Amino acid sequence: MVSPRFLHTAFPIAPLVSFRLVFGAVMLFSTLRFWYLGWIEEHFLQAKIHFKYFGFEWVQVLPAEWMYALHALMALAALGIMLGAFYRVSAAVFFLSFTYVQLIDLTYYLNHYYFVCLTSLLLIFVPANGRFSVDAWRKGRVQMTVPRWTILIFQAQIALVYFYAGIAKINYAWLIEAMPLRIWVPANDALPLVGPLMRWEWTPWVFSWAGMLYDTTIVAWLSWPRTRLLAYLSVIFFHGITGMMFQIGVFPIVMIGATWVYFSPRFHERLLAFLERRVRIPSGLPVATTVPPYSRVLLWRNGLLAAYFAFQLLFPWRYLLYPGNLFWTEEGYRFSWRVMLMEKAGTAIFYVKDGKTGREGVVDNSEFLCAHQEKQMSMQPDMILQYAHFLAEYYQKQGLENPTVRAEVYVTLNARTSRLLFDPQLDLCKIKDSWAPKTWLSPYQ
């Protein structure tokens, strides 16, 4: 077990400052890009329904002017993180605003958004503004060392992401059948430089095994000085390829920059020295080279960190509590770093019946959902259930008495023949979502 005193020993601050700079810059770019592409309007303001995370139904979209103000605040907070200006407040504001936005609509869930939420949370509690920052200039003092744990927590968080993504790939479909890469790889044969490789029959298997080995071992190679440079080149290649093949936004840039935290303090010292010369940081400021002595007061913080990482270690395994095929039911699938493991699609036809007259009609999903929402809803059971309850409430307001809602949902998984997700005669209005197993789903065979 790692000694608390070891975690509190002095360590150069340079890696933490570099991490702050990269994270803040990428988040600033990402927020401005989101605004520029019109996604605030498209994702939030134009939608007639927002699918909710279980337990977070209270998170609602704000009026238009407030949504734009929230994103402006988020961009300002990202800038504050990057510059180290009013850093603690900036990190807290970014964490709260970014997390709030992600909780508005479940259909836009991505693993890398979850990673950003967790990283911004951890940044609140570390003194990443001790050097090369507006705060250091304002306070007239430069901090050259930090407790070792302030670096280790980010290394541990990144290691969890990679390792869990890797062990999730150790399954028959991924390694033996090369699924779903056998579907995705040939579809990318027009990519520059690597396009011709995508046409080769064995390429999906190479990518499958390479992806599993990369995720499970990359942190070890980054941590070993002798293999660090080659490992980092593989990080650039891996995330560069996935960035071209899949629509995952700025996540490749986030990970390419974040893995710098594994580099030696000497590397980061050179980087910061170069930046300090370029921006002409004022010299002559007092320098702090020690960290506060370890005390029992810090046990509270250590306990919180231990609880945080215990949760991060255990929560991805909650799927073991549920019966059935994980990819079919998706119970315990989210927040477990399962990346690119399945090709899943569905078609959903909803029927609403008037409880008084017995008349039944077919719902035009495009009347309520955008294309992305309909695509995600039609294959994910909890969203199907939410949508059914929304339809019942909507049509009841339109004058139907005690409406019932049923759906005929066919889902295909990894190119296999589509099959019914559940009994199409089932009244979905009578089912409430919960943490309990979804016994109303048909078994996957």
Side-chain angles (χ1 to χ4, degrees), residues 4 7-8 11 13-31 56 59 70-103 111-139 141-143 145-161 250 254-255 257-258 260-261 268 288 291-292 294-295 297-313 315 335:
L7 296 175
H8 198 68
F11 195 85
I13 195 176
L16 187 59
V17 175
S18 297
F19 189 86
R20 184 203 85 213
L21 290 169
V22 171
F23 184 83
V26 175
M27 290 303 101
L28 176 60
F29 171 76
S30 177
T31 305
F56 289 90
V59 180
L70 182 62
H71 280 79
L73 184 65
M74 192 190 308
L76 187 63
L79 179 63
I81 292 174
M82 182 181 72
L83 299 179
F86 305 97
Y87 167 76
R88 302 276 188 177
V89 174
S90 295
V93 168
F94 183 84
F95 165 70
L96 292 172
S97 57
F98 187 89
T99 303
Y100 187 92
V101 167
Q102 301 315 311
L103 290 174
N111 281 287
H112 73 267
Y113 291 152
Y114 180 42
F115 174 76
V116 169
C117 291
L118 296 177
T119 302
S120 58
L121 173 63
L122 293 176
L123 280 170
I124 299 172
F125 303 101
V126 298
N129 59 333
R131 180 181 174 188
F132 195 65
S133 68
V134 171
D135 288 345
W137 174 75
R138 285 192 309 111
K139 296 175 181 178
R141 185 178 183 182
V142 176
Q143 185 174 347
T145 59
V146 290
R148 186 183 295 269
W149 67 265
T150 62
I151 311 294
L152 292 178
I153 58 173
F154 295 102
Q155 293 178 340
Q157 183 64 71
I158 294 170
L160 278 170
V161 173
V250 298
V254 172
M255 297 309 291
W260 281 8
V261 77
H268 293 282
V291 298
Y294 179 77
S295 68
V297 176
L298 300 176
L299 287 174
W300 284 98
R301 187 202 57 217
N302 293 340
L304 290 174
L305 284 173
Y308 171 87
F309 280 104
F311 176 82
Q312 290 298 316
L313 284 167
F315 196 59
F335 307 108

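Just so it is clear, the structure is predicted and the values come from calculations on it, not from any experiment.
Considering only residues two or more places apart in sequence or on other chains, Arg88 meets the salt bridge (Lys or Arg N to Asp or Glu O under 4.0 Å) condition with none of them. Residues satisfying the side chain to side chain contact (heavy atoms under 4.5 Å, CB included) criterion with Phe29, sequence neighbours excluded, are Arg33, Val250. Legend: residues meeting side chain to side chain contact (heavy atoms under 4.5 Å, CB included) with Ala156, ordered by chain and number and at least two apart, are Phe309. Residues forming a side chain to side chain contact (heavy atoms under 4.5 Å, CB included) with Leu83 (at least two apart in sequence, or on another chain): Leu79, Ala85, Val134. Remark: Phe98 engages Phe94 in a ring pair (Phe, Tyr, Trp, His ring centres under 6.0 Å) (not counting sequence neighbours).
A distance of 7.0 Å separates SG in Cys117 from CG in Leu103, rounded to the nearest 0.5 Å. With rounding to the nearest 0.5 angstrom, the CG atom of Asp135 is 7.0 Å from the CZ atom of Phe86. Atom CG of Leu118 and atom CD1 of Ile158 lie 11.5 Å apart (nearest 0.5 Å). Rounding to the nearest 0.5 Å places OG1 of Thr150 at 10.5 Å from CG of Leu123. The distance from the CG atom of Leu70 to the CG atom of Leu96 is 10.0 Å, given to the nearest 0.5 Å. Atoms CZ and CG, from Phe125 and Leu304 in turn, are 7.5 Å apart once rounded to the nearest 0.5 Å.
Annotation: side chain of Val126 is in contact with side chain of Phe154 (closest heavy-atom distance under 4.5 Å). Within the 4.5 Å cutoff, no side-chain heavy atoms of Gln143 are placed close to those of Asn129. For the pair Met74/Val101, a side-chain contact is recorded, criterion being any heavy-atom separation below 4.5 Å from C-beta on. The shortest distance between side-chain heavy atoms of Val116 and Gln102 does not fall below 4.5 Å.
Nearest heavy atoms, Ala136 versus Gly130: CB-O, 3.7 Å.
For Tyr308, the OH atom is densely surrounded, since the number of other residues' heavy atoms within 6.0 Å is greater than 12.
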Which donor-acceptor pairs under 3.5 Å do side chains of residues 14-27 form with protein atoms, sequence neighbours excluded?
{"unit_1": "Ser18", "atom_1": "OG", "unit_2": "Ala14", "atom_2": "O", "d": "3.2"}
{"unit_1": "Ser18", "atom_1": "OG", "unit_2": "His268", "atom_2": "ND1", "d": "2.9"}
{"unit_1": "Arg20", "atom_1": "NE", "unit_2": "Ile81", "atom_2": "O", "d": "2.9"}
{"unit_1": "Arg20", "atom_1": "NE", "unit_2": "Met82", "atom_2": "O", "d": "3.4"}
{"unit_1": "Arg20", "atom_1": "NH1", "unit_2": "Ala128", "atom_2": "O", "d": "2.7"}
{"unit_1": "Arg20", "atom_1": "NH1", "unit_2": "Arg131", "atom_2": "O", "d": "3.3"}
{"unit_1": "Arg20", "atom_1": "NH2", "unit_2": "Met82", "atom_2": "O", "d": "3.0"}
{"unit_1": "Arg20", "atom_1": "NH2", "unit_2": "Phe132", "atom_2": "O", "d": "2.7"}

